[in-house]
Amino acid sequence: MGSNIREQLFLLVEQWNFRGLAAKPPSRIGEGPGFSYGLNWALAAKGVLVKDKAFRNLESSELQQRGATVAESLSGLPVHVRGSVTGGTSELSKAQFGKLLKQVTNHLSSISNIFVHDGAIGSSSNCDAKVRVISDSPAAVLSLSNVLWKTPTRAVSHDSSPLTVYVATSISPGVAETVGLGSQGNKGFIAADIERSSLILCGKAFLDANSIKEALSALSGLIICSRGGLPLSARLLEYGDSVLLLFAPDEAIQSCSDSFVSADAGVILSAEGVAPYFQSPKSGGSNLFKLPAAVVLASSDRMQVKPANYPAVVSLPLCHYDDTENAKASRRQLKEAIYSALFDMNVPAVCAINQATLALYAARRTSGIVVNIGFHVTSVVPILNGKVMRKVGVEVVGLGALKLTGFLKELMQRNNINFASMYTIRTLKEALCYVAADYEAELSKDTEALLEVEGEGWFTLSKERFQTGEILFQPRIAGVRAMGLQQAVALCMHHCHDAELTSDDAWFKTVVLSGGTACLPGLPERLEKELHGLLPPLISHGIRIIPPPYGALTVWYGAKVISNLSNFPGPWCMTKKQCRQKSRLNLIW
């Protein structure tokens, strides 16, 4: 491929010499309509030699002036994919895609006018996937420009790993047969190669928006992950000041589909917030929303159990921690949004309980302190008889799983350990990291361990294994100005003891850990040791730290405990009728 590009670049220079352009200094070669020195070189690097003119990022009106029209959409066109994020057999061989790509680039090189459009998948510039469309048709560019998010000028040129979409609307319908794909009909087909970060649309395939979005999602997944984003097949529901993340099958959401930010299932979750994969008329110009206040999951299992047939247990996030009127109003508004979404999906009754209480129930307890290590923050929640003691105080530490993963990445970069994506970092963290009982003593030990990550080979970690988890107890190591986990739990225990809510102080001496990061080996033992060193014997005597009873699924199992109670749904749930009758919601929160 490299030699072909060199030949094409040489031919391009020859073309420019022939036109007398090479005699001009590069700074004086025009950026006028249809010609750009830099763009032509960039296209040549992609195998496309500009025959006459190449127009980049034309407005819709300009595309229409050049013949673009809005045609009726298509669906169900053949899609061939080479490579897979999850592995498995490819539908398209490397040789087939290479041969097809060569024919398409040759075709584009024979067209007088080329149309180029730069855009992005996802609207957060820090964790999106840049896309360059190279087309022989203004109509195709018009169609795709309504799907991709706008991106700043030259952002694609400066991107390290942009996707390339080749559109050949006027190529011979028989091209598929010549590369061994068989007859694809007269409407066109789609071919994608994840390894090459390339997508090919032949014939009228540019009109099949759904198939294009699926192919682009597959191509962009690894790029988005490598930039700190998390691609999710979910929908965004905006309700007042809150944003909900909804996972549900299409058939379950027809009645509330008008409430979604985007009609498509696909969002990118990152530290900045959450953004739809693609533009849509429903986006309304919005492109980046704050982090979801809640996640709602509605699904059908193998027994075809439909959401509309059974009550739903919803895990509410630990947000708006205070006992102030504003915090109460925010929690109430969030509940109303969740109820509204689920009742619109015809769920008969809803039980909404915060995730800390569910984690406690999974440990077969109704009272205790739950330490939930979440994605962004860690919450220390006192619970008495199933109710969060907000008046006692919920302690919040400003670091979570994301910070640990980012710190491990920083440690690996310092030690020149190369990796391809954040997925690799997360895999290493979950498999090799632990919490040291004595951090200083651990520094002098041989802690080297190896792990093979599929598709990337073997990795060796040593001190990084326990330095990562140590920031839970010493946040300053990672440059975080926050109290350590042990200090937050000790403070919460002091508040519980001073509140004298019951005659027996034993209720707050059971500490249940929750969250995937809470599964780090050695964490319960280290936390118990630290608490005994911080607290007076009167409070520390009898402390028991319980690791996540069911690992990362602890909260789910807590919901299962509730749903198996003899009086469920009964007093646990609210129906649609009850929701309408009550002006204020009084369920457990």
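When a residue number appears, it is its place in the shown sequence, counting from 1. These figures come from a predicted structure and were not determined experimentally.
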Indicate yes or no for a side-chain donor-acceptor contact from [X] to the backbone of [Y] under 3.5 Å, with no hydrogens or angles considered.
X	Y	value
K130	S161	no
Q578	T575	yes
N415	I417	no
T357	I353	no
S367	N385	yes
T502	D504	yes
T468	R465	no
N564	K560	yes
T447	S462	yes
R476	Q474	no

Please examine the side chains of [Y] and [X], heavy atoms only from C-beta on, and report whether any two atoms are closer than 4.5 Å.
X	Y	value
I477	Y439	yes
V388	V394	yes
L408	E464	yes
C492	V489	no
W458	L451	no
L531	S540	no
I545	I543	yes
K463	L443	yes

Can you tell me how far the [atom1] atom of [X] sits from the [atom2] atom of [Y], to the nearest 0.5 Å?
X	Y	atom1	atom2	value
I373	L485	CD1	CG	6.0 Å
I268	D128	CD1	CG	7.0 Å
I539	H494	CD1	NE2	4.5 Å
D505	C496	CG	SG	9.0 Å
L358	Y557	CG	OH	14.5 Å

- Query: Among E430, K429, R426, whose side chain to side chain donor-acceptor pair (under 3.5 Å) with T405 holds?
  - Reply: K429

- Query: Which residue, I383, T366, L501, forms the side chain to side chain contact (heavy atoms under 4.5 Å, CB included) with W507?
  - Reply: L501

Please name the pair of heavy atoms, one in [X] and one in [Y], separated by the smallest distance, quoted to 0.1 Å.
X	Y	answer
F419	M412	CD2-CE, 3.9 Å
N372	S514	OD1-OG, 3.2 Å
L428	F459	CD2-CB, 3.8 Å
L399	I471	CD2-O, 3.5 Å
T378	G400	OG1-CA, 4.3 Å
A482	V397	CB-CG1, 4.3 Å

- Query: Using the ring of each side chain (for Trp, its six-membered ring), is H497 parallel, tilted or perpendicular to F508, with breaks at 30° and 60°?
  - Reply: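 Geometry flag for F508 against H497: perpendicular rings.
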
- Ionic contact status for E410 with R414, cut-off 4.0 Å: yes

- Item | Charged N-O contact under 4.0 Å between E470 and R526 |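 So E470 pairs with R526 through a salt bridge.
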
- Could you go through the side chain to side chain donor-acceptor pair (under 3.5 Å) check for N567 and W572 one step at a time? CA-CA 8 Å; N567 63 345; W572 295 92; 3.2 Å; yes

